[in-house]
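To start, the structure under review is shown below, and the notes come after it.
Atom set for the values below is all heavy atoms of this structure, side chains included, hydrogens, waters and symmetry mates excluded. Because the structure is a prediction, the values reported are computed rather than measured.
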Amino acid sequence: MLDMKWVRAHAEEVQAAADGKKIKVNIAALIQRDDERKVLLQQTEEARRQRNTLSAEIGKLMQSGEREQAEKMRAQVKQLNEQLEQEEAKLAVIQEEVTRLQWLVPNIVSPDTPVGLSDEDNVELRRVGELPVFDYEARDHVELGEMHELIDIPRGVKIGGTRSYVLKGAGLLLHRAVQQLALDLLLKKGFTPLEVPLMVREDTLVNTGFFPTGRDQVYELQGENKWLVGTSEVPLVSYYADEVIDVKEPVKLAAVSTCFRSEVGSGGRDVRGLYRVHQFAKVEQVILCAPDAAESERMLQEITGHAEELLQRLELPYRVVAVCTGDMSQKTYKQYDIETWMPSREAYGETHSSSNLHDFQARRSNIRCRDEEGKLVYCHTLNNTAVASPRILIPLLENHQQADGSIYIPAALRPYMGGAERLILPEHEQGG
């Protein structure tokens with residue numbers, strides 16, 4: 001959590017960040033309660049000191065035979081113990097309250113973060129690629145998936161309930177192909193791939209900034225004190241928790257993992273197709289670097305560039321937006337979203353996200369490095385979605401559909417698709 005001395009010195013800025021991110025925490029109340037905690041702590045420490053002093057005196061008196069005086073002091077010790085018990089109880093309550101408020105304190109935002117209420121206020125930075133023009137009635141990804149026998153949503157729902165699906169045949173191959181393409185790209189960029197736990201302890205979610213504010217988005221394994229991650233960012237960052245690491249060169253980690261999200265609060269939104277589902281796969285990139293603002297800004301641009309390079313290899317039109325305060329999470333200092341054109345939505349849809357967290361996660365996770373003077377300091381952490389599937393299949397199928405019903409396969413994916421240049425309709429569809 002943020003250092004309380006720093007919070008006190010920047011109370012207005014921190015409160016503005018909380019208000020902008022719609023996090024209900026009163027920084028002035030936190031500071032007041034922390035002041036009360038300090039007073040109670042001093043009182044309990046003084047009471048313990050007096051008790052210890054009296055106890056030592058009692059021992060001396062007993063040795064010298066002054067039992068009457070020793071008994072009087074025992075009465076004082078008893079009174080101090082009762083007083084101490086009451087003060088320790090009060091201290092425990094107020095400490096719990098201070099800690100609860102501290103966990104809610106958000107990261108501040110970068111000076112160039114747009115101010116806004118929702119994703120509608122995100123600011124477009126650039127567009128890349130030409131939007132497709134269809135001279136025929138274009139189909140959405142669900143219809144294309146059914147025609148090509150790539151996607152089976154009814155049976156997915158039968159098996160897993162709402163927001164479930166089955167990928168089959170070439171649908172699964174595409175799903176795996178985009179992941180492998182992303183991983184291969186990151187390997188060439190110097191990332192170390194990891195296979196990580198997807199069931200994690202609660203403290204990893206707290207320390208990486210997903211709890212307490214995002215608790216309703218995560219599936220809990222009842223009775224296990226374990227949770228299913230919605231991104232491998234959690235285990236990748238936690239990999240170095242409570243360690244001192246060398247960041248003379250940025251530490252670059254990547255993972256391919258299944259992810260789970262409850263999507264609480266999204267009822268009725270994006271109910272058709274693969275846009276908002278409970279289970280999906282991600283290739284995640286995480287960087288830990290020196291706590292230098294210029295350095296972590298360079299890393300943010302770099303990891304965003306990796307995601308853009310992937311979309312360019314997939315030959316998909318996209319745009320990059322600067323995420324506004326009202327669309328940011330508690331942990332984020334600066335964020336870009338990449339939105340890919342989805343013809344069926346007649347709009348760009350979010351497919352990637354890049355975040356710079358400065359030392360917010362590292363403080364909570366106790367990940368430190370040494371500065372040039374050898375002093376221990378907290379690292380900066382960053383993360384980016386290299387690709388998330390099956391959501392990426394929406395623009396991939398819709399933008400690359402052809403008039404004859406076939407689907408063009410970008411050249412970058414062909415090595416993972418047996419060299420195929422197109423997905424051709426099954427014979428019964430062609431005949432139909």
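Thr332 contributes no side-chain N or O that, together with a main-chain N or O of Met328, makes up a donor-acceptor pair within less than 3.5 Å. Distance alone, capped at 3.5 Å, is enough to place a donor-acceptor pair between the Lys22 side chain and the Leu117 backbone. Remark: the backbone N or O of Asp242 is not paired with any side-chain donor or acceptor of Asn366 at under 3.5 angstrom. With hydrogens and angles disregarded, no donor-acceptor distance shorter than 3.5 Å links the side chain of Ser406 to the backbone of Gln402. Proximity of a side-chain donor or acceptor of His148 to a complementary backbone N or O of Leu144 within less than 3.5 Å is not detected. At distances below 3.5 Å, at least one donor-acceptor pair connects side-chain atoms of Ser118 with backbone N or O atoms of Glu120. With Ser365 contributing its side chain and Ala362 its backbone, the two residues share no donor-acceptor pair below 3.5 Å. Judged by distance alone, with hydrogens and angles left aside, the side-chain atoms of Asn399 form no donor-acceptor pair with the main-chain N or O of Leu316 at under 3.5 Å. Remark: the backbone N or O of Val105 is paired with a side-chain donor or acceptor of Gln330 at under 3.5 angstrom.
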Please assess Trp227 against Phe210 for the test ring pair (Phe, Tyr, Trp, His ring centres under 6.0 Å), listing each intermediate value before the final yes or no. CA-CA 11 Å; Trp227 305 71; Phe210 287 85; over 10 Å; no

Run Leu194 and Thr192 through side chain to side chain contact (heavy atoms under 4.5 Å, CB included) and show every step you take. CA-CA 7 Å; Leu194 280 73; Thr192 299; 3.9 Å; yes

For the pair Glu284 and Ser232, evaluate side chain to side chain donor-acceptor pair (under 3.5 Å) and give the outcome as yes or no after the intermediate values. CA-CA 6 Å; Glu284 189 76 11; Ser232 58; 5.1 Å; no

Evaluate the criterion side chain to side chain contact (heavy atoms under 4.5 Å, CB included) for residue pair Leu30 and Glu97; output intermediate values, then yes/no. CA-CA 9 Å; Leu30 167 60; Glu97 175 68 7; over 6 Å; no

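No side-chain donor from either of Asn122 and Asp337 sits under 3.5 Å from a side-chain acceptor of the other. One side chain, Gln180 or Asp184, offers a donor N or O that lies under 3.5 Å from an acceptor on the other. For the residue pair Glu87/Gln83, the side-chain donor-acceptor check at 3.5 Å is satisfied. Under 3.5 Å, the side chains of Ser389 and His175 contain a donor-acceptor pair of N or O atoms. A donor-acceptor pair shorter than 3.5 Å cannot be found between the side chains of Tyr165 and Gln279. Donor-acceptor pairing under 3.5 Å is lacking for the side chains of Glu124 and Tyr348. A donor and an acceptor atom, one from each side chain of Tyr408 and Glu421, are nowhere located under 3.5 Å apart. Under 3.5 Å, the side chains of Thr304 and Ser354 contain a donor-acceptor pair of N or O atoms. Between the side chains of Lys331 and Thr208, no donor-acceptor pair of N or O atoms lies under 3.5 Å.
Ion pairing of Glu96 with Arg33 is absent here, as no side-chain N (NZ or NE/NH1/NH2) approaches a carboxylate O to less than 4.0 Å. Salt bridge status for Arg8 with Asp35: present, with a side-chain N to carboxylate O gap under 4.0 Å. Salt-bridge annotation for Lys189 and Glu309: present, with a side-chain N of the basic residue lying under 4.0 Å from a carboxylate O of the acidic one. For the pair Glu243 and Arg368, the salt-bridge criterion is not met [side-chain N within less than 4.0 Å of a carboxylate O]. Contact check on Arg313 versus Glu308 returns no salt bridge, with no Lys/Arg side-chain nitrogen under 4.0 Å from an Asp/Glu carboxylate oxygen. Between Arg345 and Asp140, no side-chain nitrogen of the basic residue sits less than 4.0 Å from a carboxylate oxygen of the acidic one, so the salt-bridge criterion is not met.
Of all heavy-atom pairs between Arg319 and Arg127, the closest is CB-CG, 3.9 Å.
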Just list the side-chain donor-acceptor pairs under 3.5 Å for residues 373-382, sequence neighbours left out, or say none.
| unit_1 | atom_1 | unit_2 | atom_2 | d |
| --- | --- | --- | --- | --- |
| His380 | ND1 | Ser296 | OG | 3.0 |
| Thr381 | OG1 | Gln361 | OE1 | 2.7 |

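Classification of the Tyr333-His358 ring pair by plane angle, with boundaries at 30° and 60°, yields parallel. Ring geometry for Phe134 versus Tyr136: interplanar angle over 60°, hence perpendicular rather than tilted (30 to 60°).
To the nearest 0.5 angstrom, Ile409 atom CD1 is 9.0 Å from Leu173 atom CG.
You'll find the side chain of Lys252 stays beyond 4.5 Å of the side chain of Gln285, heavy atoms only.
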